[in-house]
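Everything on this sheet refers to the single structure shown next.
Starting from 1, each residue takes its place in the sequence as its number.
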Amino acid sequence: MMEDEIIEIASRYFDSQKRKGPRQSYLLEKITEKGHTPRVDKHQNIWIERGSGEKTIIISAHIDVDPRVKTAHAKYEKLGKSRILRGVLDNAVGCYINLKLLEYKPKSIKLFQIFTASEEAELRNPLKFAKS
């Protein structure tokens, strides 16, 4: 179920400064389960290269959680007749979509799917801005 998978991702933390956390190993496990061989670079980004062709498409989602947030959590709550997802979603949805796209078989394109280990943390500090 989509909601459960998003919660599984959102409830795992990844620290962009230390480049560590259970979100990365969870994603690597899911990528491998889907039959792909991911590559992790020196910055801890996860890469999956698929297909071939002249046209190249890159799809990216970041795996880190905002460094001001110390624990990751997510859960569904009832709101009237609806359910809403609350918690630290910091691109858990993007990671979920990137995982789902692994089910797509590219035809006549080269497809790079990347899970980046950091994002634009400090715009005015080039040593920290999008380090990965």
Problem - Side-chain ion pair, E77 and R83, N-O less than 4.0 Å - result: no
Handout entry: Verify same cluster id: V40, I48 (apolar side-chain graph, 4.5 Å)
Key = yes
Problem - Cluster link L101 to I58, ILVMFWY, side chain under 4.5 Å - result: no
Problem - Contacts of E8 that satisfy salt bridge (charged side-chain N to carboxylate O under 4.0 Å, His left out) - sequence neighbours left out - result: R12
Practice task
State whether the side chain of Q113 and the backbone N or O of E49 hold a donor-acceptor pair below 3.5 Å, judged by distance alone.
Solution key: no
Handout entry: K75 atom NZ, over 12 foreign heavy atoms within 6.0 Å
Key = no
Handout entry: Check: C95 and F115 side chains under 4.5 Å, non-hydrogen atoms
Key = yes
Handout entry: K110 side, atom NZ; E54 side, atom CD - distance, nearest 0.5 Å
Key = 12.0 Å
Exercise for the section: Could you state whether L28 and Y26 fall into the same hydrophobic cluster, counting links through intermediate Ile, Leu, Val, Met, Phe, Trp or Tyr residues with side-chain heavy atoms under 4.5 angstrom apart? Expected result: yes
Practice task
Kindly compute the distance separating CD1 (I109) from CD1 (I57), expressed to the nearest 0.5 Å.
Solution key: 3.5 Å
Handout entry: Between OG on residue S118 and CD1 on residue I63, distance to nearest 0.5 Å
Key = 9.5 Å
Handout entry: Donor-acceptor under 3.5 Å (N91 side chain, A61 main chain)
Key = no
Problem - From F112 atom CZ to T56 atom OG1, the distance as rounded to the nearest 0.5 Å - result: 6.0 Å
Practice task
Spell out, as yes or no, whether a donor-acceptor pair under 3.5 Å connects the side chain of R19 to the backbone of F14.
Solution key: no
Exercise for the section: Kindly indicate, with the supporting measurements, whether the criterion side chain to side chain contact (heavy atoms under 4.5 Å, CB included) is fulfilled by T37 and T32. Expected result: CA-CA 6 Å; T37 305; T32 303; over 6 Å; no
Exercise for the section: Ignoring hydrogens and angles, state whether a donor on the side chain of D64 or H62 is under 3.5 Å from an acceptor on the partner side chain. Expected result: yes
Practice task
Calculate, to the nearest 0.5 Å, the distance between atoms CD1 and CG belonging to I59 and L111 respectively.
Solution key: 4.5 Å
Handout entry: Value rounded to 0.5 Å, distance of OH in Y13 from CD in Q24
Key = 14.0 Å
Handout entry: Contact check, side chains of L27 and N98, non-hydrogen atoms, under 4.5 Å
Key = no
